[in-house]
Asks: 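First, the structure itself, so that you have it in front of you.
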Amino acid sequence: LFASMGACKTTADTVCNDCSDGCTNDEREAVEAFCNLLGFFGVYMGAYGWVAVILGIVSASMGCCICCSCCKLKDAGKDAGTAVTGEVVVVGQAIVPPDQPQEEKQVQS
């Protein structure tokens, strides 16, 4: 794209020198603008420059997801690699049913 911008001045000079009566400044600017337009479409459509734009957006989005730890890119943390077994874990003292004798309650606790 930038190479076409620099080449368009030379192209406009060549076109204006080939004219018998030369070019005015408005005509020269029109030739340069048309050349820049062709260069833009040539780069982005013909040379697949649009792929670079799309991949740039995708890579920037993925970079933001990695830096922000969102979606499936979150750290697994301390529980990484452990399987969920469904075992019941009692935190604190277990409750003994009231129909058991007092001495069994003390032995269980």
Side-chain angles (χ1 to χ4, degrees):
L1 178 65
F2 293 115
S4 70
M5 289 178 158
C8 286
K9 183 172 178 4
T10 307
T11 304
D13 289 340
T14 304
V15 169
C16 288
N17 290 338
D18 288 345
C19 291
S20 59
D21 59 346
C23 293
T24 64
N25 284 337
D26 291 336
E27 292 172 337
R28 183 180 301 274
E29 288 176 7
V31 169
E32 285 183 27
F34 184 72
C35 179
N36 285 330
L37 181 69
L38 287 179
F40 174 80
F41 281 113
V43 168
Y44 282 104
M45 298 300 172
Y48 297 104
W50 55 273
V51 174
V53 172
I54 291 172
L55 292 178
I57 292 169
V58 169
S59 62
S61 301
M62 293 300 292
C64 290
C65 289
I66 290 170
C67 289
C68 297
S69 297
C70 68
C71 306
K72 292 280 188 177
L73 298 173
K74 287 184 179 179
D75 292 335
K78 65 180 180 180
D79 295 331
T82 59
V84 178
T85 59
E87 296 177 9
V88 177
V89 178
V90 178
V91 178
Q93 187 174 4
I95 299 174
V96 180
D99 59 335
Q100 291 182 353
Q102 187 67 13
E103 57 271 344
E104 286 183 21
K105 288 183 184 178
Q106 291 176 358
V107 171
Q108 288 181 353
S109 59

Asks: Sequence neighbours excluded, which residues qualify as side-chain contact (heavy atoms from CB on, under 4.5 Å) partners of Leu55?
Replies: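 So Leu55 forms a side-chain contact (heavy atoms from CB on, under 4.5 Å) with Val51.
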Asks: Grab the two heavy atoms, one from Ala12 and one from Glu32, that are nearest each other, plus how far apart they are.
Replies: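 Taking Ala12 first and Glu32 second, the nearest heavy atoms are CB-CG, 3.5 Å.
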Asks: Under 4.5 Å between side-chain heavy atoms, counting indirect links through other Ile/Leu/Val/Met/Phe/Trp/Tyr residues: same cluster for Val53 and Leu37 or not?
Replies: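 Yes; Leu37 is reachable from Val53 via cluster members.
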Asks: Scan residues 17-27 for pairs that pass side chain to side chain donor-acceptor pair (under 3.5 Å), counting only residues two or more places apart or in two chains.
Replies: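 Residue pairs with at least one partner in residues 17-27: there are none.
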Asks: Can you find a pair of side-chain heavy atoms, one from Arg28 and one from Val15, that are under 4.5 Å apart?
Replies: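 In short, these two side chains do not touch, never coming nearer than 4.5 Å.
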